[in-house]
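Numbered from 1 within each chain, the chains take letters A, B, ... in sequence-line order. Keep in mind that this is a model prediction, so the values were computed, not measured.
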Amino acid sequence: MGSPALYLTMTHLPKIYEPQQIEEKWYQFWQESGYFHAEATSEKPPYAIVIPPPNITGSLHIGHALDNMLQDCLIRWRRMQGYNTLWMPGTDHAGIITELIVERQLAEEGTSKSALGREKFIERVWQWKAASGGTILSQLRRIGCSCDWERERFTLDEGLSQAVRTAFVRFYEQGLIYRDTYMVNWCPACSTAVSNLEVEPIEVDGHFYHIRYPVVGVSSGTDEAAFLEIATTRPETMLGDTAVAVHPEDERYRHFIGKTAMLPLQEREIPIIGDAYVDTEFGTGALKVTPGHDANDYEIGLRHDLAQRTIFTKTGCMNEHAGERYRGLSRWDCRERVVADLREQGYLVKIVPHRHAVGHHDRCGTVIEPAISLQWFMNVKPLAERALAAAKNGDVRFIPERETARFIHWMENIEPWTLSRQRWWGHRIPIWYCDACDAVTAAMDIPQTCKTCGCTELRQDEDVLDMWFSSGLWPFATMGWPEKTAELNTFYPTSVLVTGWDILFFWVARMIMLGLACMDEVPFRTVYLHGLVADEKGQKMSKSKGNSVEPLETIATYGTDAFRFALANAGTPNPYVPLPESQIEAGKRFANKIWNAARFTLMNLERHPVSATPNRDSNPLEVKWIRSRLNHAIATTTDALENFRFHEAAQTVYAFLWHEFCDWYLECVKQRLAHGEPEALWVAADVLEQTMRLLHPFMPFLSEELWQQLTQGNGTGTANEKKSVCVAPWPEPAGAHPEAEATMAVVMTVIESVRSIRGELNVPLGASVEVLVQSPDADVRAQLAAHLGHYLPAFTKVKDITVAAAVQKPPASAEAVIGELVLYIPLAGVIDLDAERARLNKRHRQAVKDVAAAQKTLENPNFLQRAPEKVVAQKRESLERLLAEEAKLARSLSVFL
RNA sequence: GGGCGGGUAGCUCAGGUGGCUAGAGCGACAGCCUUACAAGCUGUAGGCCACAGGUUCAAGUCCUGUCCCGCCUACCA
């Protein structure tokens with residue numbers, strides 16, 4: 001522990017914020033100080049988030065950056081609020097991808113997975129993991145993530161493995177997990193079954209092949225045989241056909257039902273059956289039935305007791321059932337040959353273009369082959385019912401709200417989960433087979449003997465589990481389940497889950513189902529589903545599309561905080577959020593602006609030491625004002641964070657810091673300094689210190705650096721109570737001052753009017769002007785008389801100010817009307833009268849328009865009768881003001897010199 | 001086929017439960033190195049809030065329909 005030795009001394013504060021100088025230093029300091037560590041038991045209220053474990057194969061992409069920045073934002077904010085915050089980090093073993101990567105490596109070395117054997121191969125993967133698997137977590141540190149690194153977990157570590165086996169055995173014993181032969185989605189490239197979620201239907205331009213199947217023993221009335229014409233997008237599958245189906249009521253074909261067709265190329269007789277599944281309107285109305293390779297045909301096959309003919313190998317080539325002529329060909333080569341043969345033999349009627357969706361494996365892009373195989377499945381229906389209830393009764397809440405409907409729809413239509421994968425890297429299925437008696441044993445540990453026959457020759461199932469099975473246990477398995485740990489007791493259910501909506505079904509849904517089943521309680525109360533980062537064209541950013549922003553490059557160019565601020569601004573409810581370079585650039589400028597505001601304050605504090613704390617009761621107007629505005633910013637930011645409106649939170653801090661604190665307050669401070677009132681700096685430092693706390697969840701590094709400097713021995717507020725802004729208390733709203741805000745608003749408007757006139761009439765910069773203000777209201781006059789003399793010179797060059805109830809418009813002067821106020825600026829010798837006339841005309845036209853609109857509303861009796869009193873009063877006030885402005889402008893124009 | 005989201009300034013987007021003169025960033029134009037910041041300051045221009053109806057005293061906001069764009073879902077071979 002201990003503060004970093006190296007502070008940039010004030011006199012050496014660079015003019016430009018240099019993020020590289022400080023980021024690493026502070027991250028190390030936080031970690032060494034143990035600020036990120038959560039206590040298993042604590043007096044403090046708990047706040048927990050489990051990280052969506054990134055794949056060990058991954059490197060930080062823009063999606064990770066957004067997801068984790070938002071989580072860090074929440075965690076840092078809650079930590080400051082005094083919660084016992086746990087952000088559980090870790091990685092996923094990413095079954096299929098990792099295995100592919102290592103296989104590729106082996107191929108380069110001229111060896112292979114099968115040559116190595118299972119044990120050696122797994123060892124190799126662990127080696128790879130040790131060398132490369134930690135990349136992404138170290139990258140998360142670069143973006144400032146305040147994870148509790150002492151608790152880092154991995155989906156294949158011993159604890160998780162224990163949890164996986166426990167869950168599996170439990171579900172097996174409950175009969176929810178079972179082994180069956182069924183039609184599954186098969187990836188020929190990965191040589192494994194995948195779940196239907198992993199199949200991505202992609203629209204492709206394909207063809208409809210019309211093929212004639214001769215009907216056996218029936219002539220068409222002439223000498224020719226009768227045919228059934230079928231249409232298919234996959235002609236090669238005809239080699240596996242075991243029937244042709246027509247609709248039982250289809251007048252064209254019903255008389256064929258019960259007869260047989262001669263399957264071309266193979267000369268096999270197959271039955272013609274009637275089944276209502278067939279759509280008479282679609283294609284030719286006659287359907288070739290391939291129960292071995294089509295999910296629908298499989299169902300038809302079951303209904304009609306058809307043979308199931310498998311014609312593909314595990315790697316997607318034709319097997320012996322396809323016939324010698326086709327055996328060994330790839331699916332695509334076979335299609336070509338089949339079509340050529342059909343054409344040659346006169347069975348091909350025509351080929352028409354046809355656009356349709358084809359299932360692709362989402363991990364490798366290979367066209368999925370539906371195939372019959374023996375797999376492990378999980379019946380998730382009973383679990384889904386509980387998850388459904390939790391979503392409906394609000395036990396788990398989705399943000400944005402619209403995601404609830406998506407979740408419910410999916411849960412209501414849930415299908416059995418294909419659990420087994422024909423891979424080596426992953427959680428091996430804890431099932432043992434006895435070859436002696438065919439008994440099946442599910443066990444936590446390797447069983448020594450067969451329960452049924454006592455023999456010792458047991459064989460473990462070869463397959464591993466779908467990676468989502470282990471990540472589905474993540475929220476509680478990382479905390480020690482199935483043990484009853486203090487962590488679980490304290491942090492489960494976790495507070496919120498933050499992830500992209502694209503894995504709502506893959507992961508979020510599974511965690512909710514498994515959490516309810518294993519823990520009897522939802523894994524999190526709230527699910528915040530943020531958008532996916534898109535490019536300017538609205539396309540999701542991804543490495544394969546080559547349109548992605550590289551987080552680490554971005555950080556190197558703009559700094560982490562600038563990047564984070566841009567990401568916070570992407571925290572809108574939109575499903576796709578653009579992240580243009582300009583937004584990151586804006587973050588960088590903002591960081592520099594803050595840096596310089598602090599630089600100004602600190603440099604002047606050094607130059608003008610403040611001896612005593614100023615008396616708060618005698619605060620000048622701008623101090624009451626800035627405190628009131630800060631109060632407002634704190635309340636708005638807090639409220640926005642509470643409701644996951646990151647964009648609004650970031651915008652609020654931005655607007656306050658830049659457009660209120662810098663644009664107005666610091667300018668006021670300059671004036672105070674000029675008047676020998678350095679106490680103003682104390683307020684500046686104090687407001688900045690609080691604002692650094694407000695900013696910290698968004699820009700942790702910059703806020704820490706400046707907070708440290710601001711609290712180094714200048715005696716401001718909370719100084720040194722804590723050693724780091726990341727554990728300093730979240731600011732509380734205090735000090736609203738509506739009167740000061742109102743008065744300041746008038747002052748600001750006067751200043752803006754003077755500036756506007758100077759700008760529009762091209763008053764030379766050096767020229768000092770005289771300002772005359774006319775106001776019928778004695779109170780306002782008093783306020784203006786008290787304040788204008790002080791503030792105006794700081795913001796615009798004036799030499800003389802007059803405030804009176806009635807002012808004679810000086811000749812050759814410019815004029816501005818602000819409600820009841822009239823402002824004159826004599827500009828003899830400088831003024832361009834035509835320009836001034838044009839300016840007044842423009843203002844007048846606008847005033848007339850506004851008056852008309854307000855009058856129209858107020859002349860409507862229904863409005864007066866039905867609108868709330870408050871609204872009517874506001875409208876009246878507004879009209880009065882507009883009328884006064886309009887009249888004054890009209891009079892000025894009528895007597896214009 | 002069903003559903004969801006979007007269409008607001010030249011560009012990218014904000015605008016919780018209807019109610020001041022519809023905002024920001026970037027860009028444009030004009031003028032400024034004013035003792036923190038040119039990554040800055042000041043001013044200006046720019047909007048039939050996709051279109052058509054409807055509800056309401058009042059609609060960018062709610063309802064209906066239409067047109068575009070995107071997505072999710074579905075067993076039409």
Side-chain angles (χ1 to χ4, degrees), chain A residues 13 15-17 201 208 230-234 237 245 277-279 281-284 286-290 294-299 354 356-357 400 402-403 405-406 409-410 413 501-502 504 532 534 536-540 562 569-570 572-583 585-586 588-604 639-640 643 645 647-648 651 654-655 659 662-663 666-667 670 673-674 752 755-760 762 764-765 795-797 846 849-850 853-854 857 860-868 870-872 874-875 877-878 881-882:
Chain A
L13 276 180
K15 234 173 126 166
I16 302 245
Y17 171 53
F208 238 156
I230 59 92
T232 180
T233 54
R234 304 193 55 198
T237 62
Y277 167 76
V278 181
D279 180 352
E281 304 290 309
F282 191 80
T284 61
L287 172 70
K288 63 189 272 308
V289 184
T290 323
D294 181 281
N296 298 310
D297 293 6
Y298 178 79
E299 296 295 332
H354 180 64
H356 62 127
R402 63 169 181 268
E403 299 293 339
R406 247 178 96 224
H409 179 257
W410 188 75
N413 295 285
W501 54 262
D502 54 334
L504 177 63
L532 310 180
E536 294 81 355
K537 291 176 205 137
Q539 298 259 313
K540 179 183 168 183
N569 273 311
T572 71
N574 274 5
Y576 289 90
V577 286
L579 192 71
E581 192 99 1
S582 62
Q583 198 164 306
E585 175 88 28
K588 181 182 161 186
R589 290 180 184 177
F590 183 43
N592 192 53
K593 186 74 180 174
I594 300 166
W595 176 262
N596 274 287
R599 183 166 173 259
F600 172 82
T601 306
L602 292 165
M603 283 190 335
N604 279 294
D639 181 67
N643 292 289
R645 295 199 296 263
H647 172 270
E648 188 188 323
Q651 284 302 308
Y654 181 94
H659 296 305
C662 290
D663 286 357
L666 284 188
E667 294 306 316
K670 286 179 186 172
L673 291 178
E752 281 166 343
R755 280 172 169 175
S756 177
I757 286 170
R758 291 188 66 119
E760 284 187 65
N762 290 317
L765 198 71
F795 291 91
T796 188
K797 202 156 184 179
Q846 187 59 47
K849 235 170 84 182
D850 294 344
T857 307
N860 184 340
N862 283 325
F863 173 73
L864 301 174
Q865 205 178 337
R866 305 171 99 141
K870 204 180 92 192
V871 175
V872 176
Q874 273 174 355
K875 205 69 181 175
E877 232 169 87
S878 153
R881 182 189 150 87
L882 290 168

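- Nearest-nucleotide assignment on RNA chain B puts the 5′-proximal partner with A/Arg402, out of A/Arg402 and A/Phe208.
- Listed nucleotides: B/rG25, B/rU21, B/rA36. Nearest to the side chain of A/His659: B/rG25.
- With respect to the salt-bridge test (charged N to carboxylate O, under 4.0 angstrom), the residues A/Asp297 and A/Lys288 do not qualify.
- Base engagement by A/Glu667 is indicated by at least one non-hydrogen atom pair under 4.0 Å involving a base atom.
- OP1 or OP2 of B/rA14 lies within a sub-4.0 Å distance of a side-chain N or O belonging to A/Thr572.
- For A/Lys593, counting side-chain heavy atoms from C-beta on, the closest listed nucleotide (B/rG16, B/rC37, B/rG5) is B/rC37.
- The nucleotide whose nearest atom lies closest to any side-chain atom of A/Ser756 is, among B/rG43, B/rA77, B/rA36, B/rG43.
- Taking the six-membered ring where the residue is Trp, A/Phe282 and A/His354 present perpendicular rings, their angle passing 60° and hence far from 30°.
- Taking a cutoff of 4.0 Å between a charged side-chain nitrogen and a carboxylate oxygen, A/Glu667 and A/Lys670 qualify as a salt bridge.
- Here the P atom of nucleotide B/rC57 and the CZ atom of A/Arg866 are 4 Å apart, to the nearest Å.
- When both pairing distances are held under 3.5 Å, B/rU61 makes no Watson-Crick or G-U pair with any nucleotide shown.
- Using C1' as the reference atom, B/rA22 and B/rG60 are 8 Å apart when rounded to the nearest Å.
- Side-chain proximity of A/Arg599 to B/rG19, B/rG70, B/rA36: nearest is B/rA36.
- Remark: B/rU55 base-pairs with no nucleotide in the shown strands. Criterion, Watson-Crick or G-U wobble with two distances under 3.5 Å.
- Within 6.0 Å of the NE2 atom in A/His409, the count of heavy atoms belonging to other residues, nucleotides or ligands does not exceed 12.
- Distances from the side chain of A/Asn574 to the nucleotides B/rC13, B/rA77, B/rG70 place B/rC13 closest.
- Across B/rU21, B/rC75, B/rA77, the shortest atom-to-atom separation from the side chain of A/Val278 is found for B/rA77.
- Counting non-hydrogen atoms under 4.0 angstrom, A/Leu864 reaches nothing in the nucleic acid.
- Atom-to-atom, CZ of A/Arg758 to P of B/rG43 comes out at 12 Å; the value is rounded to the nearest Å.
- When heavy atoms are screened at a 4.0 angstrom cut-off, A/Trp501 is found touching the sugar-phosphate backbone but no base atom.
- Straight-line distance between the C1' atoms of B/rU17 and B/rC11: roughly 32 Å, to the nearest whole Å.
- Atom P of B/rC33 sits at a distance of 15 Å from the matching atom of B/rU42, rounded to the whole Å.
- Within the structure, every side-chain polar atom (N or O) of A/Thr857 is placed at least 4.0 Å from both OP1 and OP2 of B/rC57.
- Contact annotation for A/Ala597: base contact, defined as any heavy-atom pair under 4.0 Å involving a base atom.
- In the set B/rC41, B/rG16, B/rA77, the nucleotide with an atom closest to the side chain of A/Glu648 is B/rG16.
- The separation between A/Glu403 atom CD and B/rC71 atom C1' is 11 Å, rounded to whole Å.
- Between the side chain of A/Arg599 and the main chain of A/Lys593, no donor-acceptor pair closer than 3.5 Å is present.
- Summarising the geometry, the separation between CD on A/Gln583 and C1' on B/rA39 is reported as 17 Å, rounded to the nearest angstrom.
- Here B/rC72 is the nucleotide among B/rC76, B/rC72, B/rA39 with the atom lying nearest to any side-chain atom of A/Arg406.
- The distance between atom CD of A/Glu585 and atom C1' of B/rA38, rounded to the nearest whole Å, is 13 Å.
- In this structure, of B/rG43, B/rA77, B/rA36, it is B/rA77 that holds the atom nearest to the side chain of A/His354.
- At a cut-off of 3.5 angstrom, the base of B/rA45 holds no donor-acceptor pair with the side chain of A/Glu760.
- With a cut-off of 3.5 Å on both pairing distances, the Watson-Crick or G-U wobble partner of B/rG25 is B/rC11.
- Here, B/rC26 and B/rA14 have their C1' atoms 14 Å apart, quoted to the whole Å.
- Regarding contacts with the backbone of B/rG31, every side-chain N or O of A/Arg755 stays at 4.0 angstrom or more from both OP1 and OP2.
- Distance noted for atom C1' between B/rC72 and B/rC13: 23 Å (whole Å).
- When distances run from any side-chain atom of A/Pro868 to the nucleotides B/rG19, B/rC13, B/rC72, the shortest one goes to B/rG19.
- At a threshold of 4.0 angstrom between heavy atoms, the contacts of A/Asn860 are confined to the sugar-phosphate backbone, with no base atom among them.
- Within a 6.0 Å sphere centred on CD of A/Gln874, other residues, nucleotides and ligands contribute more than 12 heavy atoms.
- A close approach under 4.0 Å does not occur between any side-chain nitrogen or oxygen of A/Lys15 and OP1 or OP2 of B/rG40.
- Comparing A/Tyr17 and A/Asn596 by the nucleotide of RNA chain B whose heavy atom lies nearest to each, the residue mapping closer to the 5' end is A/Asn596.
- Under the Watson-Crick and G-U wobble criteria, each requiring two contacts below 3.5 Å, nucleotide B/rG5 is paired to B/rC69.
- Considering only side-chain N and O atoms, A/Arg589 lies nowhere under 4.0 angstrom from the phosphate OP1 or OP2 of B/rC37.
- Within the 4.0 angstrom heavy-atom criterion, no nucleotide atom of any strand lies near A/Arg234.
- Distance NZ (A/Lys288) to P (B/rA77): 13 Å, rounded to an integer number of Å.
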**Request:** Carefully, step by step, assess A/Leu532 and A/Trp501 under the rule side chain to side chain contact (heavy atoms under 4.5 Å, CB included).
**Result:** CA-CA 8 Å; A/Leu532 310 180; A/Trp501 54 262; 3.4 Å; yes

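- A/Ser756 places no side-chain N or O within 3.5 Å of a backbone atom of A/Glu752 that could act as its donor or acceptor partner.
- Put simply, CG on A/Leu532 is 12 Å from C1' on B/rG70, counting in whole angstrom units.
- Residue A/Lys875 contributes atom NZ, which lies 7 Å from atom P of B/rC20 at whole-angstrom precision.
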